[in-house]
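Before any comments, here is the structure.
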Amino acid sequence: MEINIRRKIHMDNDLQNKLRSFSIHEFQDDLINWYLTEKRDLPWRKDQDPYKVWVSEIMLQQTRVDTVIPYFTSFIEKFPTIEALADANEEEVLKAWEGLGYYSRVRNLQSAVKEVKESYGGVVPNSPHEISKLKGVGPYTKGAILSIAYNIPEPAVDGNVMRVLSRILSIWEDIAKPKTRKTFEDVTYELISRDDPSSFNQALMELGALICTPTSPSCLLCPVREHCTAFEEGVQAELPIKSKKKKPKPLQMAAAVLHDSDGNLYIHKRPSTGLLANLWEHPNFEIVATTGKTYREQLADYLQTEYEAKVVLSELAGTVEHIFSHLIWNISIFIAEVKNSPNENLVAVSPEELSKFAFPVSHQKIYQIYKGQNLA
DNA sequence: GAGTCGTGGCA
DNA sequence: TTGCCAAGACT
């Protein structure tokens, strides 16, 4: 007796009809056979260790494979097991993520790993309900870990999967809308191989990365071309539908590379929530356009009131532009020598110790300007 | 649902 | 140069 779980269906009648006439098993075979032959040799594919699969999936969120590879390798060397990551120093973990972006990912990962150690005996849970409760594990990552590490037929719908399947079945929904993902989860649940869900899910993503690319897909090399309704109609370049995101908002900032006469640097730890949480930075603030004061004067005032720092400021030493997903920082850089002891909101660090602290890329650029000035 | 949260690569 | 991303999750 088959268990009938009543759940909402996110497919319209047209899509359900397409699936009824779709050659599911032939599609699975063509896709998986291609994957087994052509898949890339990636470091997280050496085994099915659920921990390594987990780390790789978190790193790969919104991040390119080529970028992730060196981070994954060194991260696993430093923290080879769930136990190692759970017991690791937070600063060291953040340092291992430095430059990779979306830093809340690694904070959530370590938090979740501690939860697995304490509540699940160090074994990544293999049930959808339990794994979903872990911090940072959303619908995609849940399906990816369950299918890749445990070979459980759960959909793992990412941008690749939505692009590929929107073309295969000519689905004209806007993939930028959150609710559209549910449609593709329903579709994937109908299509996924029960014999090899791991290869099936990875094959869909691999196809999206190598063949069914966002622009100029290589349809003539595609192993599932015969199943693709968009190719049949010649509309593969029109799919998927994706609405535009809005432009990032520019902000004018001023920053000081603060040092004393011995060359020690004074740095600040950002708050534990929000943008670049827990990372270190050189003192900086957002310029107020309405005052009559220059950036340099505003910066001196800020260093005094925020850090009780009496400083001698250089003229403008350079500028740094840094683009986030939703913001653009235009930072004017000044060099500042402190003449007193600033308050406890700043930490004094020698240049040699600086490499132990995790900085966002924007503040690495700021420090480079300071080093350039010292050479001149 | 819309906004927040990084970074580097590429057409 | 500008836009658009690339294996999303959280609030």
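Quick note on labels: first sequence line is chain A, next is B, and so on, each numbered from 1.
- When rounded to the nearest whole Å, the span between NZ of A/Lys142 and P of C/dG8 equals 16 Å.
- For residues 171-179 of chain A, proximity to DNA chain B is found at A/Lys177, A/Lys179, defined as any non-hydrogen atom under 4.0 angstrom from a strand atom.
- Taking the six-membered ring for Trp and thresholds of 30 and 60 degrees, A/Phe27 and A/Phe200 have ring planes more than 60 degrees apart, a perpendicular arrangement.
- Atom NZ of A/Lys246 and atom C1' of B/dG1 are 13 Å apart (whole Å).
- Between the C1' atom of B/dA2 and the NZ atom of A/Lys242 lies a distance of 15 Å, rounded to the nearest Å.
- No continuous path of hydrophobic side-chain contacts links A/Phe334 to A/Met253 [ILVMFWY only; heavy atoms under 4.5 Å].
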The contact string for nucleotides 5-11 of chain B, one letter per nucleotide 5' to 3', using protein heavy atoms under 4.0 Å with B, S and - for base, sugar-phosphate only and none, comes out as BBBB---
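- Look at the P atom in both B/dG6 and C/dT11: the space between them is 14 Å, to the nearest Å.
- A straight line from CZ of A/Arg107 to P of C/dA9 spans 16 Å, rounded to a whole angstrom.
- Comparing A/Val65 and A/Lys244 against DNA chain C, the residue whose closest nucleotide sits nearer the 5' end is A/Lys244.
- Separating the P atom of C/dA6 from that of B/dC5 is a span of 23 Å, rounded to the nearest Å.
- Each of A/Phe285, A/Phe357, A/Tyr307, A/Phe359 was compared with A/His268 under the ring pair (Phe, Tyr, Trp, His ring centres under 6.0 Å) criterion, and only A/Tyr307 meets it.
- Side-chain atoms of A/Gln364 and A/Pro360, non-hydrogen and from C-beta on, never get closer than 4.5 Å to each other.
- C/dA9 atom P lies 13 Å from atom CH2 of A/Trp54, rounded to whole Å.
- Proximity of the aromatic rings of A/Tyr266 and A/His282 is defined here by a centroid distance below 6.0 angstrom, and this criterion is not met.
- In this structure, the CD atom of A/Glu185 is 12 Å from the C1' atom of C/dG8, given to the nearest Å.
- Between A/His322 and A/Phe324, the ring planes are perpendicular. Angles over 60° get that label, and only those under 30° would be called parallel.
- Residues A/Asp30 and A/His227 bring a donor and an acceptor atom of their side chains to less than 3.5 Å of each other.
- If you measure from atom NZ of A/Lys247 to atom P of C/dT1, you get 15 Å, rounded to the nearest angstrom.
- With hydrogens and angles ignored, the 3.5 Å screen pairs no side-chain donor or acceptor of A/Lys310 with any backbone N or O of A/Asn340.
- Rounding to the nearest 0.5 angstrom, the gap separating the CD1 atom in A/Ile333 from the CD atom in A/Gln373 is 10.5 Å.
- Annotation: side chain of A/Asn126 is not in contact with side chain of A/Ile131 (no heavy-atom distance under 4.5 Å).
- Across all strands, A/Arg40 comes closer than 4.0 Å to base atoms (heavy-atom distances).
- Between C/dA9, B/dG3, C/dC5, one nucleotide has an atom nearer to the side chain of A/Thr141 than all others, and that is C/dA9.
- For the OP1/OP2 pair of C/dA9 and a distance below 4.0 Å, the side-chain nitrogens and oxygens of A/Lys135 include no atom meeting the criterion.
- In summary, the aromatic rings of A/Phe75 and A/Phe72 are positioned with their centroids too far apart to meet the 6.0 Å limit.
- Of all the residues in residues 197-214 of chain A, A/Met205, A/Pro214 reach under 4.0 Å from DNA chain C with at least one non-hydrogen atom.
- Distance CD1 (A/Ile328) to C1' (B/dT4): 16 Å, rounded to an integer number of Å.
- Side-chain atoms of A/Val161 and A/Asn201, non-hydrogen and from C-beta on, never get closer than 4.5 Å to each other.
- Using a 4.0 Å heavy-atom cutoff across all strands shown, A/Trp97 reaches no nucleic acid atom at all.
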